[in-house]
Amino acid sequence: MSYHPRIESKKLASFITSRCKNAELWFANNLAVEQAVLGYLAKYKTKHSVNLYAFALEGTHHHASALFPEGNRGDFMRDLNSNTAKAVARLTPNYPGGRLFEKRYSNEFCPGDADIEEQFFYTVLQPVQDCLVPRISDYPFYNCFYDAVNGIERKYEVVRWSDYYNKKRYNSSLTPKDFTDEYTLKYDRLPGYEHMSQKEYSKLMHQKLETRRAEIVRTKLAEGKTFLGREALLRVVPGTPAKNPKTSSPGQHRPRVLSVCSDRREQCKSWYFDCYFSYKKASKAYRAGDLSVEFPVGMYPPYLPCNFSP
């Protein structure tokens, strides 16, 4: 199956990826887009009460690591990605139109604190892992690490464009500023470190980052690879197709669970597939006309055509 059914969970963190079509670099070298996306991230993190651990704009895609205590991952991603697509179209002169994202977002569950931490460092160290720069301080684009571990809050202005355009028709004196709201983006601390002071937490996370970074660099150099470098990245034209993008086929295996512990991974996969097969059974009955059938918690009925009649 190329697309696995969505399961909303209030207790399991998610690692989420959204990729641009044709591996095009719409998130590279465009500060206006970056600021707009971070503004929407701040807005919808607040609106949907999300625990956000990490976020990255990586040229061709973005990653988010988060927990959704209200079981509303779908609502959050709908709002974030739809407004991200509009921002790219609005703020990128050479954008040709059409959809931005290749397909719907992918999601893997992170069942334990150590798994959330693993994906946090995967996210912030991706510029090193991808041989772009040897240190994240050399990366010229957005990286959440320093804000996340230092507890830094940043404010962003977000325009309610639909309201502006609707009301502008009847009042030509209105400007986007009249429809601008301010939101604060603050990352949540990784679970398991709540007892630490901010200074202790920051120091430990910097140490962990350096240990992982040095190992990645050693491995890459041993493989004969080199790093592209900051100056080369600053020459990237937004929308240019990536030279060596990660690709997958529709039938390729996709993990449902990301965990550093094999036992925890198997337990979570067991839960996932119990939900999946219960969903398949309920979905079959629902499509056959039994509209009273119950679906597993966090899963929803499939689409039925408008002319459907049980």
Side-chain angles (χ1 to χ4, degrees), residues 1-20 27 37-58 61-87 99-120 122-124 144 148 158 183 185-191 254-259 264-265 267-280 282-283 294-303:
M1 57 184 175
S2 56
Y3 286 117
H4 51 284
R6 300 303 193 197
I7 305 176
E8 297 278 10
S9 175
K10 298 180 179 181
K11 296 181 179 180
L12 297 176
S14 294
F15 181 69
I16 307 164
T17 305
S18 297
R19 298 186 181 279
C20 296
F27 299 137
V37 173
L38 294 177
Y40 290 126
L41 180 67
K43 176 178 180 177
Y44 296 117
K45 175 190 187 300
T46 302
K47 177 180 178 180
H48 297 298
S49 302
V50 177
N51 291 353
L52 182 66
Y53 303 117
F55 183 79
L57 287 170
E58 298 291 350
H61 60 284
H62 68 66
H63 287 310
S65 177
L67 177 68
F68 300 88
E70 296 187 4
N72 56 359
R73 185 189 64 234
D75 292 341
F76 171 79
M77 291 305 299
R78 175 202 62 212
D79 291 343
L80 178 63
N81 277 358
S82 64
N83 282 283
T84 293
K86 292 174 184 176
R99 74 181 192 275
L100 172 68
F101 294 108
E102 180 180 51
K103 52 192 175 184
R104 67 178 186 172
Y105 69 88
S106 66
N107 174 76
E108 292 83 40
F109 287 112
C110 302
D113 292 355
D115 308 321
I116 296 172
E117 181 175 329
E118 183 71 17
Q119 295 312 121
F120 171 81
Y122 171 85
T123 301
V124 299
C144 73
V158 179
Y183 294 91
L185 178 59
K186 181 180 180 180
Y187 291 91
D188 292 86
R189 183 175 293 194
L190 294 175
R254 291 176 172 82
R256 303 295 182 256
V257 180
L258 300 172
S259 180
R264 188 163 58 241
R265 180 170 57 250
Q267 290 172 3
C268 191
K269 285 174 63 178
S270 177
W271 162 81
Y272 174 89
F273 284 107
D274 282 347
C275 291
Y276 171 71
F277 289 116
S278 295
Y279 171 82
K280 295 286 283 186
S283 181
E294 292 188 5
F295 283 80
V297 175
M299 303 186 78
Y300 306 97
Y303 169 78

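Only heavy atoms go into these numbers, but all of them, side chains included; no hydrogens, no water, no symmetry mates. Keep in mind that this is a model prediction, so the values were computed, not measured. Numbering of residues begins at 1 and proceeds along the displayed sequence.
- Across every non-hydrogen atom of R264 and P111, the tightest pair is CG-CG, 3.7 Å.
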> Between L12 and C110, is a side-chain contact (heavy atoms from CB on, under 4.5 Å) present by the stated rule, with each step listed?
Replying inline: CA-CA 6 Å; L12 297 176; C110 302; over 6 Å; no
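- A side-chain donor-acceptor contact under 3.5 Å links N72 to the backbone of H48.
- Within the 4.5 Å cutoff, side-chain heavy atoms of Y44 are placed close to those of N83.
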>> If you apply the rule ring-ring contact (aromatic ring centres under 6.0 Å, His included), what do you find for Y40 with Y183, and how did you get there?
In response: CA-CA 9 Å; Y40 290 126; Y183 294 91; 9.3 Å; no
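- Applying the side chain to side chain contact (heavy atoms under 4.5 Å, CB included) test to E117 and every residue at least two apart in sequence or in another chain returns F121, L190, Y193, K208.
- The aromatic rings of H63 and H61 sit perpendicular, their planes meeting at an angle over 60°, well past the 30° parallel limit.
- Between S49 and E70 the shortest heavy-atom distance is OG-OE2, 3.3 Å.
- Ionic pairing of D188 and K45 is present here: one or more N-O contacts between side-chain nitrogen and carboxylate oxygen are shorter than 4.0 angstrom.
- Proximity of C20 to E102: side-chain heavy atoms (C-beta onward) are nowhere separated by under 4.5 Å.
- At least one side-chain heavy atom of I116 sits less than 4.5 Å from a side-chain heavy atom of P191.
- Between F295 and Y279, the ring planes lie tilted relative to each other; the angle falls in the 30° to 60° range.
- Side-chain atoms of Y53 and Y187, non-hydrogen and from C-beta on, never get closer than 4.5 Å to each other.
- Taken from OG1 in T17 to CZ in R19, the straight-line distance is 5.5 Å, to the nearest 0.5 Å.
- The distance from atom NZ of K269 to atom OG of S259, rounded to the nearest 0.5 Å, is 11.0 Å.
- In this structure, the side chains of N107 and R73 come closer than 4.5 Å at one or more pairs of heavy atoms.
- Shown here for A54 and C144, the closest heavy-atom pair between the two residues is CA-SG, 3.8 Å.
- Side-chain contact between F68 and N51 is absent, with no heavy-atom pair separated by less than 4.5 Å.
- Note that CD of Q119 and OG of S14 are 11.0 Å apart. Values are rounded to the nearest 0.5 Å.
- Using cut-offs of 30° and 60° on the angle between ring planes, the pair H62 and F27 is tilted.
- A cation-pi arrangement, defined by a distance under 6.0 Å to the six-membered ring centre and an angle within 45 degrees of its axis, is present between R6 and Y105.
- The closest side-chain heavy-atom distance from F15 to T123 is below 4.5 Å.
- The two atoms that bring S283 and P302 nearest to each other are OG-CG, 3.3 Å, heavy atoms only.
- The distance from atom CZ of R104 to atom OG of S18, rounded to the nearest 0.5 Å, is 11.5 Å.
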> Do L80 and F55 pass the side-chain contact (heavy atoms from CB on, under 4.5 Å) test, and can you show the C-alpha distance, the side-chain angles, and the key distance before you say yes or no?
Replying inline: CA-CA 12 Å; L80 178 63; F55 183 79; 4.3 Å; yes
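- Between T84 and V37, the shortest heavy-atom distance links the atoms CG2-CG2, 3.9 Å.
- Ring-plane geometry between Y276 and Y272 is classed as parallel, the angle between the planes falling under 30 degrees on a 0 to 90 degree scale with a further cut at 60.
- Rounding to the nearest 0.5 Å gives a distance of 9.0 Å between CZ of F273 and CD1 of I7.
- Side-chain contact between S9 and F109: present, with at least one pair of heavy atoms (C-beta onward) separated by less than 4.5 Å.
- Atoms CG and CZ, from D115 and R265 in turn, are 9.0 Å apart once rounded to the nearest 0.5 Å.
- By the side chain to side chain contact (heavy atoms under 4.5 Å, CB included) test, S82 pairs with no residue at all, sequence neighbours left out.
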